[in-house]
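Everything on this sheet refers to the single structure shown next.
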Amino acid sequence: MKKRLENLLHSAVSVLKANGDLAPDFDPTILLERARDAQHGDFATNLAMTLAKTARCNPRQLAEKIVAALPHDPVVAKVEIAGPGFINFFVDPKARHRIIADIHEAGHEFGKSTVGAGRKVQVEFVSANPTGPLHVGHGRGAAYGASVANLLAAAGFEVYREYYVNDAGRQMDILAASVWLRYLEECGEVLSFPSNGYRGEYVRTIAWDLHKKVGEKFRRPAAEVMADIPPDEPEGGDKEAHIDALVARVKSLLGPANYRIVFDAGLDSILDDIRQDLEEFGVHYDRWFSERSLAETGAIERALIKLQEAGYLYERDGATWFASSRLGDEKDRVVVRENGQMTYFASDIAYHLDKLERGFDQIINIWGADHHGYIPRVKAAIKALGGDPERLHVLLVQFAVLYRGEEKVQMSTRSGEFVTLRQLRNEVGKDAARFFYVMRKSDQHMDFDLKLATSRSNENPVYYVQYAHARICSVFRQLDEKGWTRDLVGGMNHLDLLTETHESALINTLSRYPEVVEQSALQHEPHHLVHYLRELAYEFHTYYNAHQFLVENAALRNARLNLIAAVRQVVYNGLSLLDVSAPESM
RNA sequence: GCGCUUGUAGCUCAGCCGGAUAGAGCAUCGGCCUUCUAAGCCGAGGGUCGCAGGUUCGAGUCCUGCCAAGCGCGCCA
């Protein structure tokens, strides 16, 4: 409908050009908006006002010329010029009612579009280090990323969902060391656990499992483990030096093969937990991309060679640097450290080279907002590798600030003091958590009050939307109980009986759904869909209270049933995009 | 100090590419269940859109400055 009216305006502009009212080479962008006020019709455009200056004529006169030049179309009931020069369109009721049949015919497909034109887009999200369970901060990225991916798929993109597994690097070594130290405790050794180690209970569980599996095979005397290790922070030392020395000690005492077993015990256990956690959260991936594989297949070296060949690498102070400052970054970045180790950034360059080579039209990275300083260097890397940095879209997610009532909850993965995503799901449920997370714009700070979300979950707005769905299902159950049968065709033939204000409003809102999906997808902003669903639910509830659906008049009854069936379908489709269930009864 | 982001009702937040009288939820107050589920509906109060300039037919929206908050500025990840 919107596109149809836009086309009418385009032809009107062509007519004005031919008449000499507008410069022939001038190509205006036509903006047609939904009217905010029913008095202003269904759609409005400010075209006359934006063109007034170039056309050297006052907006209202120009508006009259545009209206006069509009081709006739039966869907347009009336066109009005209002205010300073708005052109308001009133759509013919019959044409408006058509949406109900459209929704019925399209079913689950209603709202999908082809704007994406099958372009390949990769969405990488969550990608939390597998050093512990996901916490509520990751939950927001998971909910947001999954919803954006769903929306893009609905908008006709070919979507690849990917999780980048940071299964290499110092943090993972610290995890392995933590597992081993807990294992030694399990064996009966007495030692002080490093302040910078992973102290969470899950590490003990992993150690316990490991002990059960391998027995005392990896046991070494505590004295041997701790010999000549620099003191930890509580003893007046440096906690980083302490933990690094411990990691080195673990590696030397166990040897590469056994170290890998301990390392993998931690990695596999945590990664399995994360996978299951996300599955239960309705978040599915096409691929789990291993960082370690980049080193093992030589992909990192290959990426560095490409940078070298492009002339962007140099040596300084014993390290290898990437000259990212020549490509928009504020300073150059180390890719190979003085000690020969690759930095995290080196892996990331290789990963993005891989993404480029896989031929994605769009690469979407969803990161925590604290990583925003990282964007210029990744864009620089893409440029240096010969890719187009415009293809990379980094979407930032602010971590939710947790509160218990008035009290702010401090979180730290290392200390093990955090609320996990699993706890949140258990307490508020998947649906409420998914909905709550994407209610707000992702790059905004969000206050997440656990007390409110857990103890008073009935107030969560997700129930409001779900209730609309359940109520409609209930109406159809009542229909059966009354012994009536729904007459679909008869209802469609009598849609003109839907003349109540509530009905017009609902029909109008239903017709907006495809636009909302498209906008939410292209702007990567699922919260628009959430707001839309709340509005649709509101309009249904208020209609429900104002009018009876199961009336004696069969024509009216079936018309209304078709309307609410359409509402049910759209609520269902919208919630599906958020991976929120649409219950048939509550 | 520099960079990025944000500042809208008591609280949490929307506000489309600059458009018509700035919205919602929660909270507060007052109503509505013998009638399709009251997890609902109807109504009321509540605003210097951080502050000050600028751009123009028109600014919550764009620009500049200031104030405030968050994040980032490692051979960490």
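Heavy-atom basis, side chains included; hydrogens, waters and symmetry copies ignored. Lettering of chains follows the sequences in order, A, B, ..., and the numbering in each one begins at 1.
If A:Arg34 and A:Asp317 are placed on RNA chain B by their nearest nucleotide, the residue sitting closer to the 5' end is A:Arg34. Between A:Asp370 and A:Ala537, the residue anchored nearer the 5' end of RNA chain B, judged by the nucleotide with its closest heavy atom, is A:Ala537.
Note on A:Tyr464: every side-chain N or O is 4.0 Å or more away from OP1 and OP2 of B:C26. At the phosphate of B:A77, OP1 or OP2 sits under 4.0 Å from a side-chain N or O atom of A:Arg337. When the side-chain nitrogen and oxygen atoms of A:Thr320 are compared with OP1 and OP2 of B:C75, none of them lie within a distance under 4.0 Å. Taking only side-chain nitrogens and oxygens, A:Arg60 never comes nearer than 4.0 Å to OP1 or OP2 of B:C57. Residue A:Arg471 places at least one side-chain N or O closer than 4.0 Å to OP1 or OP2 of B:A38. Checking the phosphate oxygens (OP1, OP2) of B:C17, no side-chain nitrogen or oxygen of A:Gln519 falls inside 4.0 Å.
The side chain of A:Val475 sits closest to B:C36 out of B:C36, B:C41, B:A39. Each of B:C76, B:C75, B:A38 was ranked by its minimum atom distance to the side chain of A:Gln171; first place goes to B:C76. Checking B:C36, B:G74, B:A39 against the side-chain heavy atoms of A:Lys331 singles out B:G74 as nearest. Which of B:A20, B:C41, B:C76 sits closest to the side chain of A:Ala82 comes down to B:A20. In this structure, of B:G19, B:A77, B:A14, it is B:G19 that holds the atom nearest to the side chain of A:Met49. Comparing atom distances between the A:Ala44 side chain and each of B:G72, B:A20, B:C73 picks out B:A20 as nearest. The nucleotide whose nearest atom lies closest to any side-chain atom of A:Lys441 is, among B:C17, B:G15, B:G25, B:G15. Side-chain proximity of A:His531 to the nucleotides B:G40, B:A14, B:A20 is greatest for B:A14. Among the nucleotides B:G15, B:C41, B:A38, the one closest to any side-chain atom of A:His527 is B:G15. Of the candidate nucleotides B:A38, B:A24, B:A77, B:A77 has the atom nearest to the side chain of A:Asn129.
When the C1' atom is used for both B:A39 and B:U48, the distance is 38 Å, rounded to whole Å. Using P as the reference atom, B:C26 and B:A44 are 16 Å apart when rounded to the nearest Å. Between B:A22 and B:C49, the distance separating the two P atoms is 11 Å to the nearest Å. Straight-line distance between the P atoms of B:A9 and B:C67: roughly 22 Å, to the nearest whole Å. As rounded to the nearest Å, B:C13 and B:U6 have C1' atoms that lie 13 Å from one another. Rounded to whole Å, the separation between the C1' atoms of B:C32 and B:G19 comes to 39 Å. Spacing of C1' atoms, B:G54 relative to B:G15, comes out at 24 Å, to the nearest Å. B:A59 and B:A52: their P atoms are spaced 15 Å apart (whole Å).
Distance A:Asp443 CG to B:U6 C1': 9 Å, rounded to the nearest Å. Between the C1' atom of B:U5 and the CD atom of A:Gln398 lies a distance of 7 Å, rounded to the nearest Å. Straight-line distance from the CZ atom of A:Arg377 to the P atom of B:C4: 16 Å, rounded to whole Å. Taking atom CD on A:Glu33 and atom C1' on B:A20, their separation rounds to 10 Å, with Å as the unit. Look at CD1 on A:Ile349: it is 14 Å from P on B:C75, rounded to the nearest Å. We find that OH of A:Tyr374 is positioned 20 Å from P of B:C71, with the value rounded to whole Å. Here the C1' atom of nucleotide B:A24 and the CZ atom of A:Phe435 are 12 Å apart, to the nearest Å. Rounded to whole Å, the distance from CD1 on A:Ile243 to C1' on B:C76 is 14 Å.
Residue A:Phe86 and nucleotide B:A20 are classified as a stacked aromatic pair, their ring centres being separated by less than 5.5 Å at an interplanar angle below 30°.
Checked by distance alone, A:His371 brings no side-chain donor or acceptor within 3.5 Å of a matching partner on the base of B:G72. For a distance-only test at 3.5 Å, the side chain of A:His372 qualifies as a donor-acceptor partner of the base of B:C71. Residue A:Asn88 places a side-chain atom within donor-acceptor reach of the base of B:A20, judged by atom type and a 3.5 Å distance cut-off alone.
Base engagement by A:Ala319 is indicated by at least one non-hydrogen atom pair under 4.0 Å involving a base atom. Among the heavy atoms of the strands lying under 4.0 Å from A:Glu330 are primed sugar atoms or P, OP1, OP2 only; no base atom is included. When heavy atoms are screened at a 4.0 angstrom cut-off, A:Arg534 is found touching the sugar-phosphate backbone but no base atom. Contacts of A:Gln523 with the nucleic acid, taken as non-hydrogen atoms under 4.0 Å apart, involve only primed sugar atoms and P, OP1 or OP2. A:Phe476 comes within 4.0 angstrom of nothing in the nucleic acid, heavy atoms only.
Checked by atom type, the side-chain pair A:Glu539/A:Thr509 shows a donor-acceptor distance below 3.5 Å. Looking at A:Glu162 and A:Tyr351, their side chains do bring a donor and an acceptor atom within 3.5 Å of each other. Counting only N and O atoms by type, the side chains of A:Asn166 and A:Gln171 include no donor and acceptor under 3.5 Å apart.
For B:C33, the base is syn relative to its sugar; the glycosidic angle is within 90° of 0.
Taking the six-membered ring where the residue is Trp, A:Phe540 and A:Tyr544 present tilted rings, their angle falling between 30° and 60°. Between A:Tyr164 and A:Phe289, the ring-plane angle classifies as tilted under the 30° and 60° cut-offs. Using cut-offs of 30° and 60° for the angle between ring planes, the A:Tyr312 and A:Phe322 rings count as perpendicular.
Checked against the 6.0 Å centroid criterion, the rings of A:Phe549 and A:Tyr543 qualify as a close aromatic pair.
You'll find the side chain of A:Arg560 reaches within 4.5 Å of the side chain of A:Val551, heavy atoms only.
Of the nucleotides present, B:C51 is the one that pairs with B:G65 by Watson-Crick or G-U wobble criteria, both distances under 3.5 Å.
When all heavy atoms of A:Pro130 and A:Leu271 are compared, the closest pair comes out as CB-CD1, 4.1 Å.
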